[in-house]
Amino acid sequence: MQESHYQELENKILKDLREKLQKFKSMGINPYPNRYRITHRIGEITEKYKDEFNEEKLKEAGHLSLAGRIMSLRFHGKISFAHIKDQTGKIQIYVSKEKLGENFYNNLFKKLDVGDIVGAKGTLFRTKTGELTLDVDELNLLSKILRPLPEKWHGLKDVETRYRQRYLDLIMNNHVKEVFITRSRIIDCIRNFLKNRGFIEVETPMMQPIPGGANARPFITHHNALDIDLYLRIAPELYLKRLVVGGFDRVFEIGKCFRNEGISSQHNPEFTMVEFYMAYADYRDLMQLTEELLSNMVREIKGSYTIEYQGKTINFTPPFKKISFHEALIEIGKIPKEVVEDKIKLKEFARNLEIDVSKIEKKGKLLAEIFEKTVEDKLIDPTIVYDFPKDISPLAKSREDNPEIVERFELFIAGREIANAYTELNDPDDQRDRFLKQLEERRKGDEEAHMMDEDYIVALEYGLPPTAGEGIGIDRLTMILTDSPSVRDVILFPTLRPEQK
RNA sequence: GGGCCGGUAGCUCAGUCGGUAGAGCAACGGCCUUUUAAGCCGUUGGUCCCAGGUUCGACCCCUGGCCGGCUCACCA
């Protein structure tokens, strides 16, 4: 580390910046002062005065103190222009030798670099071209940049640098900031929506002795003092339902889940979900709730029920399309009816779709694989697919009129699963049987099959009311609302292989 | 893990048939009192991802590796 740092200083640009730092210090200027008071954030000012062209009115704004990072710098003899930017916006500043004094102007101001963070005090005016500008009478260096920013016009494009040094991406690429602002608003919408309906927000363990609530391979970690292995949660589900048993009959949690699986443009090992559970409701109620949540959210954030995603138009106007899993296979997947109902023919059909059927025994699993291949990518507008096979849904309750089908739905948008919901299985004996069947799958080599969780069954024995629960993937939802093709574009610091030299 | 594409200055990118590397921006010096991709004059800046090989000679061709992107597989 030391050596590479030393080598980097051989680079002239870095050396020049270091020399400036030394020069400032020798002039008695602290390049990293402890504090600076601002009177306004930049966006407040630009918003308030964006239509004000009367010089007197602009003066009435008074003596302002603003601060931000220098994004452009145009020296023009005895005067100069620069733009400074903070989280809320950017504003031009006008700096003259006349106001700052020759010594300050020549020896400090002119040595500043794009990327330095400064505080500027002054009054507002409009330039010849009409741009709102701060006429600076006092300027302070607040933080000296020691590495050059990426090029101003093309910005930072290198994808790896954008992810590894996300701060550079945020500084240089404005739309990236918008993506994460939208992500924050999505979470606000969900939180407000649920709280308004009487849900309480809770936090349950991310480190669990038995990872449950989904079919996935977990990460393992170790607690030294207890000398036990723990798993990073793959879902909060079983803990949230314990809380419903405890009387928190409307709960939700927004947080990370971790699945030890491949990385792709649709999958990051850690991702964010909201899960919520509502007692005295069933999956039909959640369909309606989901429609309201998402359509309201899209209208609030995008200003319309209709959005563009990767060139496709997606319409969130409620009610959403609804189709049963069985019908979807036949009508959308174009699977002949007699095939869907015959396990032997199904296997043959799956083989022709290049699905590896060697490890698949359950009919439900076959149907699910075929569904993924033939139906999923055709569900562009929000579509609720309901009534799933029982053997791929170990935590969902069977229909009262058909024990092989569970009361479960998934919501698909833009060909991707966004939400998964069901009427919760609250019969402890049934749950134990389902876990036992999952254990059997595990023994046969399915590492994603559910583990037995006796504690959870004990909780059910104390009585879980009729409850419906749902999980919504925040990352994928954000992708759709920000027109992002990759999940890495909506995760600030996506999982990457560590850099090695 | 397979396939395809890529890695050249701080950034964005060129680089012809194999003849020892270029532009713009940034940086540095100078001029400039309303600019905004400011402008003009001048200067600097390179482990061409790494290691081998072929060759008189490799950014270029070959082999292996590292890193990344897309995609398929795996997987919500």
Side-chain angles (χ1 to χ4, degrees), chain A residues 4 7-8 10-20 71-83 90-99 105 110-111 113-115 125-133 135 145-165 168-169 171-173 213-217 234-235 257 259-269 271 273 354-356 359 368-369 371-373 376 392 410-412 415-420 446-448 471-473 475-476 485-489 494 496-501:
Chain A
S4 72
Q7 276 172 0
E8 277 185 33
E10 300 291 303
N11 180 296
K12 188 166 183 306
I13 293 175
L14 297 182
K15 248 199 286 196
D16 285 341
L17 291 168
R18 288 274 170 184
E19 274 169 19
K20 282 185 187 176
M71 296 309 292
S72 64
L73 204 43
R74 294 176 292 283
F75 297 107
H76 204 292
K78 296 184 181 66
I79 65 157
S80 298
F81 290 95
H83 277 99
K90 68 173 183 179
I91 191 166
Q92 181 166 262
I93 63 173
Y94 167 86
V95 177
S96 64
K97 188 185 275 188
E98 191 190 341
K99 281 209 168 145
Y105 188 84
K110 283 177 83 170
K111 304 293 177 196
D113 293 285
V114 170
F125 77 109
R126 290 270 170 184
T127 60
K128 268 185 189 168
T129 52
E131 180 164 354
L132 185 69
T133 303
D135 183 2
I145 193 166
L146 294 175
R147 292 171 181 268
L149 287 179
E151 196 243 3
K152 64 182 173 191
W153 187 242
H154 296 93
L156 176 64
K157 286 191 173 159
D158 182 77
V159 179
E160 189 180 352
T161 308
R162 286 185 48 218
Y163 296 152
R164 288 195 195 278
Q165 295 179 279
L168 292 180
D169 196 24
I171 292 168
M172 299 308 298
N173 299 324
N215 294 340
R217 288 158 69 179
I234 54 175
C257 295
R259 298 187 184 175
N260 207 341
E261 291 158 357
I263 296 175
S264 76
S265 62
Q266 307 297 316
H267 303 264
N268 196 61
F271 61 100
M273 279 216 301
E354 291 172 358
I355 294 168
D356 178 10
K359 286 182 187 163
E369 296 280 343
F371 182 91
E372 272 181 40
K373 282 255 183 188
E376 235 177 74
I392 54 166
E410 291 191 352
L411 173 69
F412 292 87
R416 293 174 197 149
E417 183 203 335
I418 301 297
N420 181 15
D446 182 357
E447 288 185 69
E448 281 129 27
I472 301 176
D475 309 275
R476 289 180 178 181
S486 169
V487 75
R488 290 187 195 118
D489 295 324
L496 301 174
R497 193 188 304 271
E499 227 170 351
Q500 43 184 289
K501 301 218 164 160

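These numbers come from the heavy atoms of this one structure, side chains and all, not from hydrogens, waters or symmetry mates. In what follows, every chain begins at residue 1, and chains take the letters A, B, ... in the order their sequences are listed. Bear in mind that the values here come from a model prediction, so they are computed numbers and not experimental data.
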Who does rG68(B) pair with, Watson-Crick or G-U, both distances under 3.5 Å?
-> rC5(B)
Please name all residues satisfying salt bridge (charged side-chain N to carboxylate O under 4.0 Å, His left out) with R74(A), sequence neighbours left out, ordered by chain then number.
-> none
Go through the structure and list residues passing ring pair (Phe, Tyr, Trp, His ring centres under 6.0 Å) with F271(A), not counting sequence neighbours.
-> none
Side chain to side chain, E98(A) and K78(A), heavy atoms closer than 4.5 Å = no
Taking all atoms of both residues into account, what is the closest heavy-atom pair of R416(A) and P485(A), and its distance?
-> NH2-O, 4.5 Å
P atoms of rC67(B) and rA27(B), separation to the nearest Å = 34 Å
P-based separation of rU44(B) from rC62(B) [nearest Å] | 36 Å
Return the set of residues passing ring pair (Phe, Tyr, Trp, His ring centres under 6.0 Å) with F371(A) (not counting sequence neighbours), or none when no residue passes.
-> F325(A), F412(A)
Give none if rG39(B) has no partner; otherwise give the nucleotide forming a Watson-Crick or G-U wobble pair with it, both distances under 3.5 Å.
-> rC31(B)
So does K97(A) have more than 12 non-hydrogen atoms from other groups sitting under 6.0 Å from NZ?
-> yes
Each nucleotide of nucleotides 69-76 of chain B classed B (base within 4.0 Å of a protein heavy atom), S (only sugar-phosphate) or -, in 5' to 3' order, makes SSS-S-BB
Among the nucleotides rC67(B), rA37(B), rU35(B), which one has an atom lying closest to any side-chain atom of R164(A)?
-> rC67(B)
F81(A) side-chain proximity, nearest of rU35(B), rG29(B), rC67(B) = rU35(B)
Per-nucleotide protein contact string for nucleotides 5-12 of chain B (B base, S sugar-phosphate only, - none; heavy atom under 4.0 Å) = -----BBS
side-chain hydrogen bond (donor to acceptor under 3.5 Å, both in side chains) partners for N260(A), two or more places apart = none
Rounded distance (Å) that lies between atom P of rA37(B) and atom CE of M172(A) = 15 Å
Identify whether the distance between the nearest side-chain nitrogen and carboxylate oxygen of K20(A) and D16(A) falls below 4.0 Å.
-> no
Nucleotide forming a Watson-Crick or wobble pair with rC11(B), both distances under 3.5 Å = rG24(B)
Quick one: the side chain of Q92(A) and the base of rU35(B), do they pair up donor-acceptor inside 3.5 Å?
-> yes
Do P269(A) and I263(A) come within less than 4.5 Å of each other through their side chains, counting heavy atoms only?
-> yes
Name the pairing partner of rC60(B), where a pair is Watson-Crick or G-U wobble with both distances under 3.5 Å, or state none.
-> none
Determine the contact category for K99(A): base if any of its heavy atoms lies under 4.0 Å from a base atom, sugar-phosphate if only primed atoms, P, OP1 or OP2 are that close, otherwise nothing.
-> nothing
So, the side chain of Q165(A) versus the backbone of L168(A): is there a donor-acceptor pair under 3.5 Å, distance only?
-> no
Determine the Euclidean distance between corresponding C1' atoms of rG45(B) and rC25(B); express it in Å to zero decimal places.
-> 13 Å
From CH2 of W153(A) across to C1' of rA37(B) the rounded distance in Å is 5 Å
Interatomic distance at C1', rC17(B) relative to rC13(B), whole Å | 23 Å
Roughly how far apart, to the nearest Å, are rC61(B) and rA73(B) at atom C1'?
-> 33 Å
Looking at rU34(B), rA27(B), rC67(B), which one has an atom nearest to any side-chain atom of T127(A)?
-> rU34(B)
Rounded to whole Å, the CZ-C1' distance (F75(A) to rC40(B)) equals 17 Å
May I ask you to say what K90(A) touches in the nucleic acid, namely base, sugar-phosphate or nothing, with a heavy-atom cut-off under 4.0 Å?
-> nothing
C1'-based separation of rC59(B) from rA14(B) [nearest Å] = 12 Å
